[in-house]
Amino acid sequence: VQLQASGGGSVRPGDSLRLSCVLSGISANFYTIGWFRQVPGKEREGVSCIANSDGRTYYRESVKGRFTISGHNFRDTVTLVMNNLEPEDTAEYYCAAGMRESIVGGGPECSRHNMHYWGKGTQVTVSS
């Protein structure tokens, strides 16, 4: 399984970015693809996840209404559209795949502990 993330950059508050994660080598029916982010000195946190089988999604509270994840049903690219970016969104962003769909509260469990494969990160910097 390989994941290739792209789309990061340096933008101003209020701008938008589109992150893409190209997947290859996944043969399972039930899996979760997620976007995580990390800043130096802090733990990697789940931003948004999507279940492949039915497209159920999870968003962390701070990005609800601003970020949109898409790309379930065996599509080879999972996209995270990030609108109205804030300086607090600055981080290295990673896409990851977990070989199960653990549904919690109506959406996939979006924990780094559930992910089995990781792509390299792409930096997002939001600054005025």
Side-chain angles (χ1 to χ4, degrees):
V1 176
Q2 292 187 329
L3 303 98
Q4 181 77 37
S6 63
S10 294
V11 297
R12 295 181 181 276
D15 285 351
S16 299
L17 279 174
R18 183 186 187 99
L19 303 184
S20 294
C21 180
V22 178
L23 318 170
S24 62
I26 297 180
S27 59
N29 292 328
F30 298 95
Y31 57 89
T32 299
I33 302 297
W35 285 97
F36 295 76
R37 66 188 182 188
Q38 188 171 22
V39 297
K42 292 191 176 181
E43 292 186 348
R44 193 169 295 185
E45 62 185 22
V47 176
S48 181
C49 288
I50 188 166
N52 174 69
S53 65
D54 62 10
R56 276 183 283 189
T57 57
Y58 161 88
Y59 297 95
R60 73 180 298 107
E61 194 63 36
S62 62
V63 308
K64 284 181 179 178
R66 300 188 298 122
F67 291 11
T68 303
I69 192 171
S70 62
H72 72 291
N73 198 22
F74 305 102
R75 288 185 174 84
D76 60 5
T77 302
V78 173
T79 300
L80 183 69
V81 176
M82 306 186 294
N83 295 322
N84 194 21
L85 282 160
E86 302 171 353
E88 292 74 21
D89 296 317
T90 295
E92 188 86 3
Y93 282 70
Y94 300 85
C95 64
M99 295 295 102
R100 64 178 179 179
E101 294 178 0
S102 176
I103 303 301
V104 177
E109 190 174 9
C110 198
S111 167
R112 68 184 190 277
H113 302 296
N114 291 350
M115 299 294 131
H116 300 94
Y117 302 98
W118 292 86
K120 293 183 179 179
T122 184
Q123 177 68 35
V124 172
T125 302
V126 186
S127 174
S128 57

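Side-chain contact between Val78 and His72: absent, with no pair of heavy atoms (C-beta onward) separated by less than 4.5 Å. Side-chain contact between Arg37 and Val63: present, with at least one pair of heavy atoms (C-beta onward) separated by less than 4.5 Å. Side-chain contact check for Asp54 versus Phe30: every heavy-atom pair is 4.5 Å or farther apart. Between Asn52 and Ile26, every side-chain heavy-atom pair lies at or beyond the 4.5 Å cut-off. By the 4.5 Å heavy-atom criterion applied to side chains, Tyr93 and Met82 are counted as neighbours. Asp89 is listed as a side-chain neighbour of Arg66, based on a closest heavy-atom distance under 4.5 Å. Between Pro13 and Pro87, some side-chain heavy-atom pair lies under the 4.5 Å cut-off.
In this structure, CD in Gln2 is found 10.5 Å from NZ in Lys120, a value given to the nearest 0.5 Å. Considering OG of Ser53 and CG of Asn29, their distance stands at 9.0 Å, rounded to 0.5 Å. Expressed to the nearest 0.5 Å, how far CZ of Arg100 lies from NE2 of His116 amounts to 6.5 Å. One finds the OG atom of Ser102 at 13.0 Å from the OH atom of Tyr58 (value rounded to the nearest 0.5 Å).
A side-chain contact (heavy atoms from CB on, under 4.5 Å) with Ser10 is found for exactly one of Val126, Thr125, Asp15, Leu17, namely Thr125. Checked against Ile69 for a side-chain contact (heavy atoms from CB on, under 4.5 Å), the options Leu80, Thr79, Val47 give a single hit: Leu80.
Val124 and Tyr94 fall into different hydrophobic clusters, where Ile, Leu, Val, Met, Phe, Trp and Tyr side chains are chained together by heavy-atom contacts under 4.5 Å. Put simply, Val81 and Trp35 are part of two different groups of oily side chains (I, L, V, M, F, W, Y) that touch within less than 4.5 Å, one to the next.
The shortest heavy-atom contact between Cys21 and Leu3 is SG-CD2, 3.7 Å. Closest non-hydrogen pair, Ala91 versus Val39, comes out as CB-CG1, 3.7 Å. The two residues Met99 and Tyr117 have their closest heavy-atom pair at CG-CE1, 3.9 Å. Minimum heavy-atom separation, Cys110 to Ser48: SG-C, 3.7 Å. Between Cys49 and Pro108 the shortest heavy-atom distance is O-CG, 3.7 Å. Taking both residues in full, the closest heavy atoms of Ala5 and Thr122 are given as CB-CG2, 4.4 Å, listed atom of the first, atom of the second, then distance.
For the residue pair Ser62 and Glu88, no side-chain donor N or O sits within less than 3.5 Å of a side-chain acceptor on the partner.
The aromatic ring centroids of Trp118 and Phe36 lie less than 6.0 Å from each other.
By the neighbour-count criterion of 12 heavy atoms within 6.0 Å, atom CD of Gln4 is sparsely surrounded, having that number or fewer from other residues, nucleotides or ligands. Other residues, nucleotides and ligands contribute over 12 non-hydrogen atoms within 6.0 Å of the CD atom of Gln123.
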Chi angles and distances behind the salt bridge (charged side-chain N to carboxylate O under 4.0 Å, His left out) call for Arg56, Glu101: CA-CA 10 Å; Arg56 276 183 283 189; Glu101 294 178 0; 5.7 Å; no
Check: After noting the C-alpha distance and the side-chain angles of Thr32 and Met115, does the key distance pass the side-chain contact (heavy atoms from CB on, under 4.5 Å) rule?
Finding: CA-CA 8 Å; Thr32 299; Met115 299 294 131; 4.1 Å; yes
